[in-house]
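Here is how names work: the chains are called A, B, and so on, in the same order as the sequence lines, proteins then strands, and each is numbered from 1.
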Number of protein chains: 2
Amino acid sequence: MTSDERIQRQAEDVLELLKVKGYKFTPQRRAVIGALIEANRPLSVKEMVDRLRESYPDMSADTVYRNLKVLCDLGVVSLISQQGKEGARYELDGRPHHHHLVCVTCGKSVCLPYCPMQERAEEMARREDFHVLGHTFEIFGYCRDCQREESSS
Amino acid sequence: MTSDERIQRQAEDVLELLKVKGYKFTPQRRAVIGALIEANRPLSVKEMVDRLRESYPDMSADTVYRNLKVLCDLGVVSLISQQGKEGARYELDGRPHHHHLVCVTCGKSVCLPYCPMQERAEEMARREDFHVLGHTFEIFGYCRDCQREESSS
DNA sequence: ATCGGTGCAAACCATTTGCACGTTA
DNA sequence: TAACGTGCAAATGGTTTGCACCGAT
């Protein structure tokens, strides 16, 4: 199974899930899902809106927010914690658990197929009577492109 | 050296650093530092303002923001990435490197004297030509108190 | 035809900024 | 007294909400 095939299948899964749960199909909703699939990395709302407006000039940010909320509630999209203030980033779930490298300059993030969560951390949480829901792990710094700009300026 | 002594000494270090760098001492600035020291855990700006207004009823949020910025620039305070939207949290640096347990309900966070950052992650970043500045690791879930409320409601 | 979804505009909220005044060094 | 720091008020920017209309089922 190629990466494209996997992604395509996932798109179908999402659409199927929406149907099952009684959500309607609208071009906008389809486009939001499509944007996340095509990007294959976390996108900020602004990035999504910019991309989407190429095909749907009237696409409004609220619609993107509302659809992201629906997709998060369905568990097919995850909110990546926001480093800096460029707003939140979202990515499609369903791939193996992983984390991110986040650029502090441009905000772009790339996937890091690695997870540092370990038994030791779980146990420390337990000791605090803390009911663990999940965790975040992000490495931040300058991405390739922003290092270039740094040094050339 | 007790924990109190260490903290006290750190307070002096901070004040000394401010003097060296040419910053002025104001009651507000002193109070912001004091609040972080007393809390000994990450505080949100709102929490700080609430505490500070007990002694300085006129304390304004902008002053807190401005002082936090100064302290961050000096490297004595760190911004903890914000889980959810209750605003950012800040904590005094200088203690051993650690991470946090963050409650998704009340936003409170407690320190986790553990760091999962490992050579493997560093290397993956290097492979991406990513210039690492730092990292975040947070475990989120329900704290003791909020579990109680969950079950009793 | 019904009800969910959309765009628009306004509301919100954390954070930042401009400005005139007060305070520290 | 010369900056710097402060409070206030207004601006900013991401996100949410109210509302009337439109389109999917």
Side-chain angles (χ1 to χ4, degrees), chain A residues 14-35 42-50 52-53 55-74 77-90 102 104 106-107, chain B residues 14-35 42-50 52-53 55-74 77-90 106-107:
Chain A
V14 172
L15 296 176
E16 178 60 27
L17 185 56
L18 283 170
K19 187 188 293 182
V20 168
K21 294 284 186 177
Y23 289 99
K24 292 178 180 172
F25 276 8
T26 63
Q28 292 93 329
R29 181 160 289 164
R30 215 184 287 262
V32 168
I33 297 168
L43 293 179
S44 67
V45 174
K46 186 171 185 315
E47 282 174 335
M48 280 186 241
V49 172
D50 288 345
L52 293 168
R53 283 224 232 262
S55 336
Y56 300 84
D58 286 344
M59 176 71 70
S60 72
D62 358 63
T63 295
V64 174
Y65 279 111
R66 280 187 278 227
N67 277 307
L68 286 172
K69 181 154 196 333
V70 166
L71 295 170
C72 283
D73 289 347
L74 286 176
V77 162
S78 296
L79 169 63
I80 309 291
S81 99
Q82 53 260 54
Q83 184 66 40
K85 46 226 60 170
E86 320 80 13
R89 280 173 180 271
Y90 296 82
V102 182
V104 296
C106 67
Chain B
V14 172
L15 296 177
E16 178 60 27
L17 184 57
L18 283 169
K19 188 189 292 182
V20 168
K21 295 284 186 177
Y23 289 100
K24 292 176 178 172
F25 277 9
T26 63
Q28 293 94 330
R29 182 160 289 164
R30 216 184 288 261
V32 168
I33 297 167
L43 292 180
S44 68
V45 174
K46 186 170 185 315
E47 282 175 335
M48 281 186 240
V49 171
D50 288 347
L52 293 167
R53 284 223 233 261
S55 335
Y56 300 83
D58 286 345
M59 177 70 71
S60 71
D62 0 61
T63 296
V64 175
Y65 280 111
R66 280 187 278 229
N67 277 307
L68 287 171
K69 180 154 196 335
V70 166
L71 295 170
C72 283
D73 289 347
L74 285 176
V77 162
S78 297
L79 169 63
I80 309 290
S81 99
Q82 53 259 52
Q83 186 65 41
K85 46 224 61 171
E86 320 80 12
R89 280 171 180 273
Y90 297 81
C106 67

> With a 3.5 Å cut-off and just heavy-atom distances, do the side chain of Arg66(A) and the base of dG4(C) make a donor-acceptor pair?
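No such pair is found, so the answer is no.
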
> Would you mind reading off the distance between Ile33(A) atom CD1 and dG5(C) atom P, rounded to a whole angstrom?
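For the pair Ile33(A) CD1 and dG5(C) P, the rounded distance is 12 Å.
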
> Using every non-hydrogen atom in the two residues, find where Leu52(A) and Ala35(A) come nearest and quote the distance to one decimal.
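Result for this residue pair: CD2-CB, 4.0 Å.
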
> Give the rounded distance in Å between these two atoms: CG of Leu79(A) and C1' of dG14(D).
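One finds 13 Å between C1' of dG14(D) and CG of Leu79(A), rounded.
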
> In a check of side chain to side chain donor-acceptor pair (under 3.5 Å) between Asn67(A) and each of Gln28(A), Arg29(A), Arg30(A), which one passes?
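Of all the options given, the one that passes is Arg29(A).
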
> List the atom of Met59(A), the atom of Thr63(A), and the distance in Å for their closest heavy-atom pair.
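The answer is SD-CG2, 4.2 Å.
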
> Check if the side chain of Asp62(A) and the base of dA10(C) share a donor-acceptor pair of N or O atoms closer than 3.5 Å.
no

> Leu68(B) CG to dT15(C) C1': how many Å, rounded?
12 Å

> Does Gln28(B) make a side-chain N or O approach to OP1 or OP2 of dG7(D) shorter than 4.0 Å?
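Checking Gln28(B) against dG7(D): at least one side-chain N or O falls below 4.0 Å of OP1 or OP2.
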
> In whole Å, what is the span from the NZ atom of Lys69(A) to the P atom of dG5(C)?
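My rounded result for the distance is 12 Å.
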
> Is Lys46(B) side chain donor-acceptor paired with the dA14(C) base, going by distance under 3.5 Å alone?
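Answer is no: no donor-acceptor pair is held.
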
> Would one find a side-chain N or O of Arg29(A) under 4.0 angstrom from OP1 or OP2 of dG5(C)?
yes

> Among dT6(D), dG5(D), dT15(D), which is the nearest nucleotide to the side chain of Lys24(B)?
dG5(D)

> Compare every heavy atom of Lys19(A) with every heavy atom of Phe25(A), then report the nearest pair and how far apart it is.
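Closest approach of Phe25(A) to Lys19(A): CE1-N, 4.4 Å.
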
> Of Thr26(B) and Ala61(A), whose nearest nucleotide on DNA chain D comes first from the 5' end?
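It is Thr26(B) whose nearest nucleotide is closer to the 5' end.
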
> Measure CG/Leu74(A) against C1'/dG4(C) and give the value in whole Å, please.
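That distance rounds to 14 Å.
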
> For Asn67(B) and dC4(D), what is the distance between atoms CG and P respectively, to the nearest whole Å?
15 Å

> Given atom NZ of Lys21(B) and atom C1' of dG5(D), what is their separation to the nearest angstrom?
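Roughly 19 Å, once rounded to whole Å.
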
> Take Phe25(B) and Tyr65(B), find for each the nucleotide of DNA chain C with the closest heavy atom, and name the residue whose nucleotide sits nearer the 5' end.
Tyr65(B)

> Grab the CG-P distance between Leu18(A) and dC3(C) for me, whole Å please.
20 Å

> Looking at Leu79(B), is its backbone amide N or carbonyl O close enough to the side chain of Arg89(B) to form a donor-acceptor pair, meaning the two atoms are under 3.5 Å apart?
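Judged by distance alone, no pair lies under 3.5 Å.
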
